[in-house]
2 protein chains.
Amino acid sequence: MRYSRQRELIIEIIKGRKDHPTADMIYYSAREQEPNISLGTVYRNLKQLAEEGVIITLETEDKRLHYDGDTSRHSHFICNGCGKIIDLFKPANVPSEIKYAGLTVTGEKCVYYGLCGNCQ
Amino acid sequence: MRYSRQRELIIEIIKGRKDHPTADMIYYSAREQEPNISLGTVYRNLKQLAEEGVIITLETEDKRLHYDGDTSRHSHFICNGCGKIIDLFKPANVPSEIKYAGLTVTGEKCVYYGLCGNCQ
DNA sequence: ATATTAATAGTAATCATTACTGATAACGAT
DNA sequence: ATCGTTATCAGTAATGATTACTATTAATAT
């Protein structure tokens with residue numbers, strides 16, 4: 001994986017924000033510093049970074065992939081009102097059932113839906 | 001919501017299977033009994049049924065929506081080897097953090113990734 | 001039975017994402 | 001430092017899942 005200015009910028013953007021941006025949100029942000037960066041470059045790098053485990057993907061009900069620069073184990077809460085995604089850094093334990101079923105868990109994606117303080 | 005033979009068939013198919021089929025899997029299954037049913041009809045009804053809460057959607061890393069006829073509270077395990085989706089009927093508790101953050105939870109989607117017994 | 005209007009089959013359009021292509025740039029070897 | 005190799009880029013075309021559209025059919029209340 002060779003260095004590139006564009007990729008470095010993309011990493012910096014994702015790691016620097018606590019919301020969970022989609023590819024095009026990252027694209028628009030990147031264009032502020034790198035006006036000629038292409039959307040394809042953003043998508044290609046995001047995909048690559050996610051495969052490498054540098055960032056994490058979050059599949060939501062809005063049909064677009066959200067990206068998260070924080071790779072530590074945590075869950076998410078998504079507000080049905082405003083769409084905001086909130087990190088939950090004290091995730092629940094893995095269901096006990098898993099060990100009995102002979103399954104090896106390597107990752108988890110727990111998303112809770114509901115209303116945030118502002119929206120209820 | 002008026003009765004229709006096609007919708008009834010779609011419901012019957014989803015409720016009758018324990019895998020978590022995608023729209024086109026349901027489409028091909030439906031065509032065995034209703035050879036002229038259209039893919040659009042399948043998609044339209046699945047969307048409607050999910051909105052009504054009759055079925056549940058599952059957003060996975062394979063970029064297609066999976067549907068689940070079981071609306072009881074449960075989690076899922078997805079095997080990275082064979083792609084099989086396994087139900088976990090003893091889901092973990094909601095993270096304690098949520099009540100302190102003033103969030104109201106109305107739904108959850110927990111997906112665990114790893115390897116099933118056959119694939120490890 | 002008739003009128004109203006969801007629902008359908010079939011097809012076109014949308015939209016996020018990925019693939020392609022010729023040009024550019026990173027970087028190890030000379 | 002220059003050269004050669006090749007990953008990466010910008011720009012654009014293609015893909016694939018899903019949704020919207022349209023004329024027709026069928027469910028159901030009156």
**OP:** Return yes if a side-chain donor-acceptor contact under 3.5 Å exists between D87(A) and H20(A), otherwise no.
**Re:**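 The criterion, which ignores hydrogens and geometry beyond distance, is satisfied for H20(A) and D87(A).
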
Subject >> Shortest non-hydrogen separation from C116(A) to I86(A) and the atoms involved >> reply: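 Minimum heavy-atom contact is CB-CD1, 4.3 Å.
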
Subject >> Separation of T41(A) OG1 from I10(A) CD1 (nearest 0.5 Å) >> reply: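 Taking CD1 in I10(A) and OG1 in T41(A), the distance rounds to 7.0 Å.
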
Original post:
Got a second to check how far H66(A)'s NE2 is from T60(A)'s OG1, nearest 0.5 Å?
Top reply: 3.5 Å

Original post:
Within the distance-only criterion (no hydrogens, no angle test), does the side chain of K15(A) pair as donor or acceptor with the backbone N or O of G69(A) below 3.5 angstrom?
Top reply: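 It does hold such a pair.
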
Verify same cluster id: [X], [Y] (apolar side-chain graph, 4.5 Å):
X	Y	value
Y43(B)	L9(B)	yes
I11(B)	V42(B)	yes
V111(A)	Y113(B)	no

Subject >> Option passing side chain to side chain donor-acceptor pair (under 3.5 Å) with N45(B) (candidates R7(B), Q6(B), E8(B)) >> reply: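 Looking at R7(B), Q6(B), E8(B), the match for N45(B) under the side chain to side chain donor-acceptor pair (under 3.5 Å) is R7(B).
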
Subject >> Salt-bridge contact E59(A)-K63(B) (side-chain N to carboxylate O under 4.0 Å) >> reply: no

**OP:** Could you list where the contact with chain A starts and ends along DNA chain C, reading 5' to 3', using a 4.0 Å heavy-atom cut-off?
**Re:**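 Using the under 4.0 Å cut-off, the span is dA16(C) to dC27(C).
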
Original post:
Considering only heavy atoms, which members of residues 3-37 of chain A lie under 4.0 Å from some atom of DNA chain D?
Top reply: S4(A), Q6(A), R7(A), N36(A), I37(A)

Subject >> Residues from residues 41-71 of chain A lying under 4.0 Å of DNA chain D - heavy atoms >> reply: T41(A), R44(A), N45(A), Q48(A), K63(A)

